[in-house]
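Structure first, then comments.
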Amino acid sequence: MAINLAVFLSGSGTTLENLLGCIAHGDVDATVQCVVSSRADAFGLERARRHGIPAIAVPKKDYKGTRSFCDAIWREVDAYPVDLVALAGFMSLLTVPDSFRNRIMNVHPALIPAFCGKGMYGHHVHEAVVEYGAKVSGATVHFVDDQYDHGPIILQECVRVLDDDTPDTLAERVQAKERELYPRAIQLFAEGRVRVDGRKVYVL
Ligand code: GAR
């Protein structure tokens, strides 16, 4: 049976678009019930509207702190039946209600626990990897807990960093890997094949 998703984002929404493509193609058995953005001007909201999906802005700048901002988000989400929240370029710390423990996923454009944490998102990650001289990077799909990029890892794969890579060329290769890994992790969840035991995730 198809699972119900809520997608949280802050930016252009290419991750959302890829997910919707995979759903339309029958690779992910899910329905996106709503899209929530931490910025009113995120293009991801426009993408959601074009697909006829409720697009909700909860601008972070309107709130004093993380707690009140997240409470407002969860109040919005309450109106929909949601099995899994998929973060898709959501650039803010999220408080995790007990009822959503191990039911929120994120995709990070590096090999966690390297090149992650506060301030390490989007293009900053690829700049840091190239600058550091790392030989591999990759994509990580993990469950979300109350710390940045910290919850149990579900899927993780490498891409090579080439000698002549720029942050842009590396980003392209990593994002291709994300486009493959994230829908796969969501589909595994939909099939009930993801079991969490402490920090370990077993794919059944
Ligand atoms: C994606 O590459 C995603 O991995 C990254 O932001 C990009 C969002 O692109 N997320 C993070 O860095 C989270 N720590 P999009 O807005 O076009 O979907």
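Just follow the structure's listing: the first ligand is 1, and inside any ligand the first atom is 1.
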How far is atom 11 (C) of ligand 1 from the closest protein heavy atom, and which atom is that? Pro109 CD, 3.6 Å
Nearest non-hydrogen atom to atom 9 (O) of ligand 1 belongs to which of Leu9, Leu19, Thr15? Thr15
Taking the six-membered ring for Trp, are Trp74 and Phe8 ring centroids under 6.0 Å apart? yes
In terms of atom number and element, which parts of ligand 1 are under 4.0 angstrom from non-hydrogen atoms of Met91? 6 (O)
Which heavy atom of Ala48 sits nearest a heavy atom of Leu16, and at what distance? N-CD2, 4.2 Å
Which of Arg50, Arg47, Arg179 passes side-chain hydrogen bond (donor to acceptor under 3.5 Å, both in side chains) with Glu17? It is Arg47
Distance to 0.1 Å, residue and atom name: give those for the protein heavy atom nearest to atom 8 (C) of ligand 1. Gly89 CA, 3.6 Å
Polar proximity ligand 1 side, Gly13 side, N/O cut 3.5 Å exclusive: yes
Identify the closest protein heavy atom to atom 10 (N) of ligand 1: which residue and atom is it, and at what distance? Val107 O, 3.7 Å
Between Tyr182 and Thr15, is the side chain to side chain contact (heavy atoms under 4.5 Å, CB included) condition met? List the steps. CA-CA 9 Å; Tyr182 207 15; Thr15 308; 3.8 Å; yes
Around atom 14 (N) of ligand 1, find the nearest protein heavy atom and jot down its residue, atom name and distance. His108 ND1, 3.1 Å
Of all protein heavy atoms, the one nearest atom 4 (O) of ligand 1 is Glu178 OE1, 2.7 Å
Just checking Tyr148 against Tyr121, ring centres under 6.0 Å apart? no
Could you find the nearest protein heavy atom to atom 15 (P) of ligand 1 and give me its residue, atom name and distance? Thr14 OG1, 3.4 Å
Nearest non-hydrogen protein atom, atom 12 (O) of ligand 1: Gly122 N, 2.8 Å
Can you confirm, on distance only, whether ligand 1 has an N/O atom lying under 3.5 Å from any N/O atom belonging to Tyr121? no
So, Arg173 and Asp165, do they make that salt bridge, N to O below 4.0 Å? yes
Given Leu170 and Val161, is the side chain to side chain contact (heavy atoms under 4.5 Å, CB included) satisfied, shown in steps? CA-CA 7 Å; Leu170 177 60; Val161 180; 4.1 Å; yes
Going by heavy atoms, is Val125 under 4.0 Å from ligand 1? no
